Number of protein chains: 2
Amino acid sequence: MTPPTLTIGEDNLTERQRAVLDAALGLLVDGGDGLTMTGVARRASCSKETLYKWFGDRDGLLTATVQWQAAKVRMVPVDRETLTAKSLAIALEKFGRDLLSVLAGDISVALNRLAVSHAGQEKRNLGAIVLENGRYAMGRRLKPVLQAGRDAGLLSFEDCETAFRTFFGLVVRDVQIRLLLGDRMELDEQTIAADARRAREQFFALYGA
Amino acid sequence: MTPPTLTIGEDNLTERQRAVLDAALGLLVDGGDGLTMTGVARRASCSKETLYKWFGDRDGLLTATVQWQAAKVRMVPVDRETLTAKSLAIALEKFGRDLLSVLAGDISVALNRLAVSHAGQEKRNLGAIVLENGRYAMGRRLKPVLQAGRDAGLLSFEDCETAFRTFFGLVVRDVQIRLLLGDRMELDEQTIAADARRAREQFFALYGA
DNA sequence: ATCCAGCCGTACCGTACGGTACGGTTCGGT
DNA sequence: ACCGAACCGTACCGTACGGTACGGCTGGAT
């Protein structure tokens with residue numbers, strides 16, 4: 001009877017509900033279509049009535065699914081202890097690798113496709129959620145590192161936001177849009193590591209003090 | 001009776017057909033939904049039967065619409081005559097401005113959203129078309145300039161593709177994905193010009209000879 | 001033992017939309 | 001003047017899917 005909770009996290013979800021959301025994620029990954037209420041109910045072996053009771057409507061289910069996935073990929077924050085040129089470089093490069101790995105993953109691609117689709121149809125909440133837990137979460141995670149790097153005299157920039165966006169651009173480049181559009185890119189671990197390394201080198205060339 | 005032509009361009013389309021495709025584009029821009037066969041027929045004041053006769057099915061109409069828009073935005077190629085450091089910089093900066101302007105436009109956003117949506121559902125042709133006329137067309141357009149810059153001793157890079165992708169990243173950064181996800185960014189001419197200028201400066205810092 | 005809440009499975013409804021059929025109209029060719 | 005092709009408008013059909021209703025099962029509380 002009660003509408004679904006406003007924010008979905010790891011808590012306020014029962015084990016069964018998480019299983020349902022995982023089913024929705026699975027359904028989403030292999031072919032964005034097929035993600036129907038009936039499909040989710042069948043895949044999760046639950047009834048549609050339960051889905052509506054738990055999540056309100058289809059949008060609620062989708063929202064919960066996105067938030068559930070976001071809750072799962074909480075990245076460990078980069079620690080800014082013992083900051084040297086080398087440790088900063090390592091942190092940046094690892095951040096780049098993590099970012100590319102996540103972005104190139106099936107779930108991220110499928111989720112972003114879903115959110116992009118819905119962003120074009122009034123109900124923009126999915127897009128906002130993905131933005132908040134994707135792009136903006138990345139910024140909040142890396143900016144302290146950049147600040148620390150500047151405080152330690154290792155980096156030089158005026159606007160932290162601009163510096164982050166540049167790093168983002170150097171790392172991601174055309175990868176995400178190409179993947180979203182269905183381009184078959186080979187992005188094995190080797191390539192990702194090389195890309196992150198190049199991005200790190202270029203970023204230091206631009207912002208190194 | 002005949003299936004729709006394989007490739008749609010400025011020719012092999014009657015004036016009426018272009019008007020119909022423009023109606024579809026307009027419908028697409030203001031709210032991705034509403035782009036139904038009935039909606040297009042109503043907006044274009046034509047019959048659904050005509051739509052099906054001309055374009056085969058809904059996918060054919062969408063494909064034709066995308067190709068029609070692509071045919072309209074043929075960018076003028078950058079001329080590589082009298083290449084100096086200054087003219088190269090101007091060319092790069094103008095390219096960046098054009099790229100950002102197009103990407104931030106309503107039509108581009110709507111079109112990319114449509115293509116991204118369809119890329120997640122087998123029928124990947126729309127994504128491929130947008131990729132071909134978007135990202136890849138940009139590469140084909142800028143690469144000769146980069147090559148000329150290298151030949152003139154103004155730029156230094158090994159892989160032209162990598163250099164282009166870096167420039168792309170420096171220009172676009174997180175703009176496209178944020179727009180696709182519904183982020184309300186203020187991208188006036190001032191901002192675009194500043195972004196292109198910064199990208200050009202950074203690119204020269206990285207690849208200038 | 002009884003009861004009740006929660007849930008599964010299935011059937012069902014309404015609507016939206018892709019696709020088809022058809023009558024009526026316009027218009028160029030002969 | 002006549003004919004046929006192309007096209008408009010509208011009605012229609014089938015299906016897919018969001019959402020609801022309901023009967024039956026299970027498991028824990030009393």
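This one's a predicted model, so the numbers in the text were calculated from it and none came from an experiment. In the text below, chain A, chain B and the rest are named by the order of the sequence lines, each starting its count at 1.
The nearest whole Å value for the distance from the CG atom in A/Leu35 to the C1' atom in D/dA16 is 14 Å. For the pair A/Lys53 NZ and C/dC8 P, the interatomic distance rounds to 10 Å; values are reported in whole Å. Nucleotide C/dC7 holds its P atom 17 Å from the OH atom of A/Tyr52, rounded to whole Å. Distance B/Glu49 CD to C/dG23 P: 12 Å, rounded to the nearest Å. In this structure, CZ of A/Arg43 is placed 16 Å from P of C/dG9, rounded to the nearest angstrom. Summarising the geometry, the separation between CG on A/Leu51 and C1' on D/dT20 is reported as 13 Å, rounded to the nearest angstrom. The CZ atom of B/Arg16 sits 13 Å away from the P atom of C/dC27 (whole-angstrom rounding). Atom P of nucleotide D/dA16 and atom CD of B/Gln121 are separated by 15 Å, given to the nearest angstrom.
To the nearest 0.5 Å, the span separating CD on B/Gln176 from CZ on B/Arg178 amounts to 13.0 Å. Rounding to the nearest 0.5 Å places CG of A/Asp195 at 4.5 Å from CZ of A/Arg173. Taken to the nearest 0.5 Å, the NZ atom of A/Lys94 stands 8.5 Å off from the OG atom of A/Ser101.
Comparing C/dC17, C/dG9, C/dG19 by their closest approach to the side chain of B/Thr36 singles out C/dC17. Closest to the side chain of A/Asp57, out of C/dG19, C/dC8, D/dG19, is D/dG19. Of the candidates D/dG23, D/dC8, C/dG19, C/dG19 carries the atom nearest the B/Lys48 side chain, counting heavy atoms from C-beta on.
Using cut-offs of 30° and 60° on the angle between ring planes, the pair B/Phe167 and B/Phe203 is perpendicular.
Here the side chains of B/Leu179 and B/Leu103 are not in contact, with every heavy-atom distance at 4.5 Å or above.
For the pair B/Trp54 and D/dA6, the criterion of a side-chain N or O lying under 4.0 Å from OP1 or OP2 is not met. Residue A/Thr50 places no side-chain N or O under 4.0 Å from the OP1 or OP2 atom of C/dC7.
With the nearest nucleotide of DNA chain C identified for both B/Arg58 and B/Ser47, B/Arg58 has the one nearer the 5' end. For the pair A/Asp33 and B/Ser45, nearest-nucleotide mapping onto DNA chain D gives the more 5' position to B/Ser45.
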